[in-house]
Amino acid sequence: MPPRHVLLAVLVAVTWGLNFPAIHLSLQQFPPFLLVALRFAVIAVPTLLLVPRPRVAWRWLLGYGTGFGVLQFVFLYLAMDTGMPTGLASLVLQSSAPFTVLLAAVLLRERLTVRQGLGVAIAVVGLGGIAVHRAGLDGGAALVPVVLTLCGGLGWAFGNLCNRQAQADSPFRLMMWMTVVPPLPMLALSLLVEGPATIAASFHGLTTPTGLAALGGLAFTVLVATVVGTGLWTWLMARHSSSVVAPFSMLVPVVGIGSSWLFLHEPTRPAELALGTLVVGGVLLGSTGRRTPAPPPSSAAERRTADPAATAPAEPA
């Protein structure tokens with residue numbers, strides 16, 4: 001990846017890391033399934049009215065929306081609502097990176113270099129060390145919330161692969177249209193599981209400090225984490241292999257744990273900081289280094305075949 005794209009990937013990690021305290025604030029007011037529906041409905045309505053649909057196969061659009069929008073967040077929000085600590089949730093969800101690399105190698109036959117594999121392995125060791133350390137502390141996450149968060153990471157990985165396979169003419173429009181998929185199934189799930197009474201009660205007290213904080217968290221999640229963060233992520237995934245982009249998501253828990261300590265006063269210990277440094281080192285190892293350029297295609301048709309994203313117009317950052 002060129003340096004500018006590396007910086008964009010780091011920016012995505014920062015926005016997504018800060019998103020976890022924002023989700024925590026929103027869950028103080030709204031039940032989890034309703035909150036997922038609200039998160040995407042706010043974007044889906046103007047998307048349907050104003051944004052042209054990208055030229056992609058429906059199966060990849062629906063797969064992206066189901067994996068990234070439904071499966072990831074239904075499990076993540078449910079885990080956080082049932083006691084998953086905010087910082088630890090930001091850590092465990094990054095299981096999506098090794099899941100993505102593994103699924104891409106098995107299903108898409110993407111080649112994994114030794115350097116990339118070593119970088120992912122080092123980052124996974126760092127993530128695993130933080131998880132073990134957190135699980136051993138008083139008030140550590142129980143097994144069920146951890147398993148739910150891992151399921152969210154697997155859903156994110158599935159969405160990554162569908163995003164990669166879509167080969168959209170406009171990655172930004174693909175991201176916007178992905179938000180059309182989750183609202184209706186999540187609203188139906190909210191009505192079925194959480195019930196109309198709980199949904200109605202969550203809209204009372206929005207002018208209280210808790211309600212205003214929840215609305216602020218929702219606004220950050222929609223505008224910054226989804227439109228900016230996910231938009232840049234989709235743009236990067238369309239231009240680079242999954243094994244190159246996905247490891248940057250393992251930087252998210254470094255930001256998530258730090259921001260949870262700063263804003264929510266969740267404790268962060270020296271061992272976690274040291275292991276977080278290991279995560280950063282693994283990501284840098286796997287994403288940097290010399291690339292051997294392929295021979296240039298001899299025709300425009302061959303160029304499009306070799307790199308379907310090459311003809312896609314660059315979206316503004």
What pairs with [X] under ring-ring contact (aromatic ring centres under 6.0 Å, His included), at least two apart in sequence or on another chain?
X: F40; value: F73
X: F75; value: none
X: F263; value: none

Give me the atom names and distance for the closest heavy-atom approach of [X] to [Y].
X: P2; Y: H240; answer: CD-CE1, 3.8 Å
X: T86; Y: S260; answer: CG2-OG, 3.3 Å
X: F220; Y: T15; answer: CE2-O, 3.7 Å
X: P145; Y: A79; answer: O-CB, 3.5 Å
X: P182; Y: G65; answer: CG-O, 4.0 Å

What is the distance from atom [atom1] of [X] to atom [atom2] of [Y], rounded to the nearest 0.5 Å?
X: I43; Y: L38; atom1: CD1; atom2: CG; result: 11.5 Å
X: F172; Y: T230; atom1: CZ; atom2: OG1; result: 10.5 Å
X: S90; Y: L251; atom1: OG; atom2: CG; result: 11.5 Å
X: Q29; Y: L34; atom1: CD; atom2: CG; result: 10.5 Å
X: M237; Y: R164; atom1: CE; atom2: CZ; result: 7.0 Å

Judged by atom type as modelled, is there a donor-acceptor pair below 3.5 Å linking the side chain of [X] to the main-chain atoms of [Y]?
X: Q28; Y: H24; value: yes
X: S202; Y: P31; value: no
X: S26; Y: A22; value: yes
X: Q167; Y: A238; value: no
X: E266; Y: I257; value: no

Spell out, yes or no, whether [X] and [Y] are grouped together once hydrophobic residues are joined by side-chain heavy atoms under 4.5 Å, including indirect joins.
X: V228; Y: M178; result: yes
X: F158; Y: L174; result: no
X: L184; Y: F33; result: no
X: L223; Y: V36; result: yes
X: V42; Y: M186; result: yes

Query raised in the report: So among L236, V245, L232, V244, which one has a side-chain contact (heavy atoms from CB on, under 4.5 Å) with H5?
Result: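 Per the side-chain contact (heavy atoms from CB on, under 4.5 Å) rule, the option paired with H5 is L236, out of L236, V245, L232, V244.
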**Report entry** Partner residues of L48 under the side-chain contact (heavy atoms from CB on, under 4.5 Å) criterion, sequence neighbours left out
**Finding:**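 Partners of L48 by the side-chain contact (heavy atoms from CB on, under 4.5 Å) criterion, ordered by chain and then number, come out as W177, V180.
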**Report entry** Partner residues of L107 under the side-chain contact (heavy atoms from CB on, under 4.5 Å) criterion, sequence neighbours left out
**Finding:**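 Testing L107 for side-chain contact (heavy atoms from CB on, under 4.5 Å), a comparison that skips the adjacent residues, returns L103, L161.
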Query raised in the report: Does the pair V279 and L91 meet the rule for a side chain to side chain contact (heavy atoms under 4.5 Å, CB included), with working shown?
Result: CA-CA 10 Å; V279 174; L91 164 66; 5.8 Å; no
Report task. May I ask you to check whether F30 and F203 place their ring centers less than 6.0 Å from one another? Result ->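 F30 vs F203: aromatic centres under 6.0 Å.
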Under the rule for side chain to side chain donor-acceptor pair (under 3.5 Å), what residues qualify as partners of [X], not counting sequence neighbours?
X: S190; result: E194
X: T226; result: R39
X: T100; result: N160
X: N19; result: T221

Query raised in the report: Should the heavy atoms of other residues, nucleotides or ligands under 6.0 Å from CG of L264 be counted, would the total exceed 12?
Result: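 Yes, CG of L264 has more than 12 neighbouring heavy atoms, counting only those of other groups under 6.0 Å.
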Requested in this report: Determine, for W58 and R53, whether the Lys NZ or Arg CZ falls below 6.0 Å from the six-membered ring centre while staying within 45 degrees of the axis.
Outcome: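 Yes, R53 sits over the ring of W58.
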Query raised in the report: Does the pair W156 and F68 meet the rule for a side chain to side chain contact (heavy atoms under 4.5 Å, CB included), with working shown?
Result: CA-CA 5 Å; W156 183 358; F68 192 94; 3.3 Å; yes
Taking the side chain as everything from C-beta on, heavy atoms only, tell me whether [X] gets closer than 4.5 Å to [Y].
X: L76; Y: I23; answer: yes
X: P52; Y: M176; answer: no
X: M1; Y: F248; answer: yes
X: W16; Y: L93; answer: no
X: M80; Y: P32; answer: no

Report task. Say whether T234 and Y64, considering side chains only, have a donor N or O and an acceptor N or O under 3.5 Å apart. Result ->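 Present: a donor and an acceptor within the cut-off.
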Query - From CA spacing to verdict: side chain to side chain contact (heavy atoms under 4.5 Å, CB included), V92, M84 - result: CA-CA 10 Å; V92 177; M84 188 70 167; 3.7 Å; yes
For residues 204-219, run the donor-acceptor check on the side chains, cut-off 3.5 Å, and write out each pair with its distance to 0.1 Å, sequence neighbours left out.
| residue | atom | partner | partner atom | Å |
| --- | --- | --- | --- | --- |
| T208 | OG1 | G205 | O | 2.6 |
| T208 | OG1 | G211 | N | 3.2 |

Requested in this report: Could I get the full list of salt bridge (charged side-chain N to carboxylate O under 4.0 Å, His left out) partners for R55, not counting sequence neighbours?
Outcome: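 R55 satisfies salt bridge (charged side-chain N to carboxylate O under 4.0 Å, His left out) with D169 only.
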Do any side-chain atoms of residues 6-14 form donor-acceptor pairs under 3.5 angstrom with protein atoms, and if so which ones, sequence neighbours left out?
none

Query raised in the report: Should L191 and I199 be marked as a side chain to side chain contact (heavy atoms under 4.5 Å, CB included) after you check the CA-CA gap, both sets of side-chain angles, and the distance that decides it?
Result: CA-CA 8 Å; L191 288 169; I199 293 173; 3.6 Å; yes
